[in-house]
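Proteins come first, then strands; the chains are lettered A, B, ... in the order of their sequence lines, and each starts at number 1.
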2 protein chains.
Amino acid sequence: MERNPSALASTVRSPLRKHGIRLTRQRELLFEIINNSHDHLNADQLYELAKKQDAKINRVTVYRTLKLLKTEGLIDELDLMHFDGEQHYYETRLKQPHAHIVCLRCGSVQEFFGEPLQRLREQIESGFGFQILVNRTEVGGYCADCQNTLPSEETLEAGPARRKVIPSKRRSSPKK
Amino acid sequence: MERNPSALASTVRSPLRKHGIRLTRQRELLFEIINNSHDHLNADQLYELAKKQDAKINRVTVYRTLKLLKTEGLIDELDLMHFDGEQHYYETRLKQPHAHIVCLRCGSVQEFFGEPLQRLREQIESGFGFQILVNRTEVGGYCADCQNTLPSEETLEAGPARRKVIPSKRRSSPKK
DNA sequence: GTCCATGCAAAGATTTTGCAAGCGT
DNA sequence: ACGCTTGCAAAATCTTTGCATGGAC
């Protein structure tokens with residue numbers, strides 16, 4: 001994918017400016033990658049992607065920027081039921097709240113948008129006088145495919161711990 | 001609080017037996033503590049509480065038991081919006097699903113039981129053909145008290161990052 | 001008696017911190 | 001020019017693993 005510095009960067013700059021975030025090469029790049037990604041990226045994946053465009057970028061900068069964007073409400077942090085370890089995943093903040101549905105067998109993630117999520121929000125705000133800033137709902141279980149594919153005994157006896165062997169999304173290469 | 005081996009232990013044994021979990025002193029103790037706790041405990045707090053009744057118990061056993069109970073669906077794992085670090089919190093599995101509402105200022109946690117949660121579940125099951133095993137919804141923001149207490153400028157300008165100074169719930173003493 | 005669970009030591013994975021140098025405004 | 005940001009190295013935090021011993025069934 002090619003980079004168009006002026007066009008892409010500017011779509012990313014205005015939200016950052018609005019939040020009074022000092023613009024740096026690294027922040028623009030990282031926010032742009034998260035915005036354009038169709039997946040939920042973890043810190044390591046983001047770091048690896050960023051390195052392709054800025055070989056000097058440091059992992060620490062990734063963590064600091066993620067924390068900043070999260071604090072400002074520009075991105076959301078997900079755990080995805082810790083299917084693949086303890087790291088977090090990130091996505092741009094969408095206008096509509098949505099739930100993440102994680103298959104504990106194959107690791108697939110689906111998104112659910114729907115009325116119960118708005119109602120949940122309203123009831124919490126009015127019922128508790130609570131001011132909601134972040135909203136995370138995650139559901140774990142077996143997707144339609146994995147239910148059909150697997151023998152019922154295994155489902156019942158082995159329980160959700162057994163993982164399908166799937167290429168790990170965790171920290172890729174050596175620690176360096 | 002005093003220990004009544006026969007009464008308390010037996011309320012804890014039958015669920016463990018039902019799940020084919022081999023009964024050990026440590027597992028009974030840990031599950032009992034989680035069941036009787038009115039708070040959401042993290043691994044370290046659980047470990048510290050357990051040590052009071054079994055000075056020899058090992059932290060590793062706590063982690064292994066938590067994983068087991070979680071896999072078996074006897075307890076649920078919470079993140080509580082990572083208000084106080086990256087550790088997890090645990091609670092007995094209740095029959096009714098509920099959301100956890102975390103104040104990002106004072107760290108208080110409230111629980112919401114309500115119809116939108118059941119509807120969410122139903123819609124995900126019917127709409128996706130998904131078999132739900134775990135359900136976690138967490139909401140972060142400012143509780144009624146913290147909204148009232150704080151000057152609006154601080155709320156608006158400082159953003160959600162600023163934490164009230166609250167005794168940490170993280171790993172207590174030295175690593176040993 | 002067999003197999004699983006525990007304890008201990010060590011390592012692994014992820015994230016944070018201190019500090020000097022660099023960059024944005 | 002000032003102050004926030006970055007990079008680097010090191011540390012901190014939380015969790016898992018290997019292996020020998022001990023306990024459950």
Residues in side chain to side chain contact (heavy atoms under 4.5 Å, CB included) contact with A:Tyr63, at least two apart in sequence or another chain
A:Ala43, A:Arg59, A:Arg171
Spacing of SG belonging to B:Cys103 relative to CG belonging to B:Leu80, to within rounding of 0.5 Å
12.5 Å
Quick check on the helix from C:dG1-D:dC25 to C:dT25-D:dA1: what's the angle between its two end axes, five base pairs per end, to the nearest 10°?
50°
How many whole angstroms separate atom NZ of A:Lys70 from atom C1' of C:dT14?
13 Å
Output the rounded distance in Å from CG (B:Leu68) to P (D:dT16).
13 Å
Output the rounded distance in Å from CZ (A:Arg27) to C1' (D:dT6).
9 Å
Can you see if the side chain of B:Asn58 gets near the phosphate of C:dC8 - specifically, an N or O under 4.0 Å from OP1 or OP2?
yes
Rounded to whole angstroms, how far apart are CG on A:Leu16 and P on D:dC4?
18 Å
Contact under 4.0 Å: B:His88 side-chain N or O vs D:dT15 OP1/OP2:
yes
Considering residues at least two apart in sequence or located in another chain, which fulfil the side chain to side chain contact (heavy atoms under 4.5 Å, CB included) criterion with B:Asp76?
B:Glu91, B:Arg93, B:Val134
A:His82 NE2 - C:dT14 C1' separation (whole Å)
13 Å
Under 4.0 Å protein heavy-atom contact, by nucleotide of nucleotides 16-25 of chain C - B base, S sugar-phosphate only
BBB-----BS
Could you pull out all residues at least two apart from B:Glu77 that satisfy side-chain hydrogen bond (donor to acceptor under 3.5 Å, both in side chains)?
B:Lys70, B:His88, B:Tyr90
Extract all donor-acceptor atom pairs below 3.5 Å that involve side chains of residues 120-130 of chain A and protein atoms in other chains or at least two apart in sequence.
| from | atom 1 | to | atom 2 | distance (Å) |
| --- | --- | --- | --- | --- |
| A:Ser126 | OG | A:Glu122 | O | 2.9 |

Value in whole Å for how far the P atom of D:dT16 lies from CD of A:Gln87:
12 Å
Hey, is the side chain of B:Gln26 poking within less than 4.0 Å of OP1 or OP2 on D:dG23, counting only N and O atoms?
no
Rounded to whole Å, the OH-C1' distance (B:Tyr89 to D:dC14) equals 12 Å
Length of the line joining B:Lys56:NZ and D:dG23:P, which is rounded to integer Å
11 Å
Sequence neighbours left out, what passes ring-ring contact (aromatic ring centres under 6.0 Å, His included) with A:His19? Give chain and number order.
none
Would B:Glu111 and B:His40 count as having a side-chain donor-acceptor pair, cut-off 3.5 Å?
yes
For A:Asn35, what residues pass the side chain to side chain contact (heavy atoms under 4.5 Å, CB included) criterion, not counting sequence neighbours?
A:Val12, A:Phe31, A:Thr92
Which nucleotide, D:dC14, C:dT14, D:dG7, lies nearest any side-chain atom of B:Arg171?
D:dC14
Any residue meeting side chain to side chain contact (heavy atoms under 4.5 Å, CB included) with B:Arg27, in chain and number order, not counting sequence neighbours:
B:Ile21, B:Arg22, B:Thr24, B:Thr65, B:Leu68
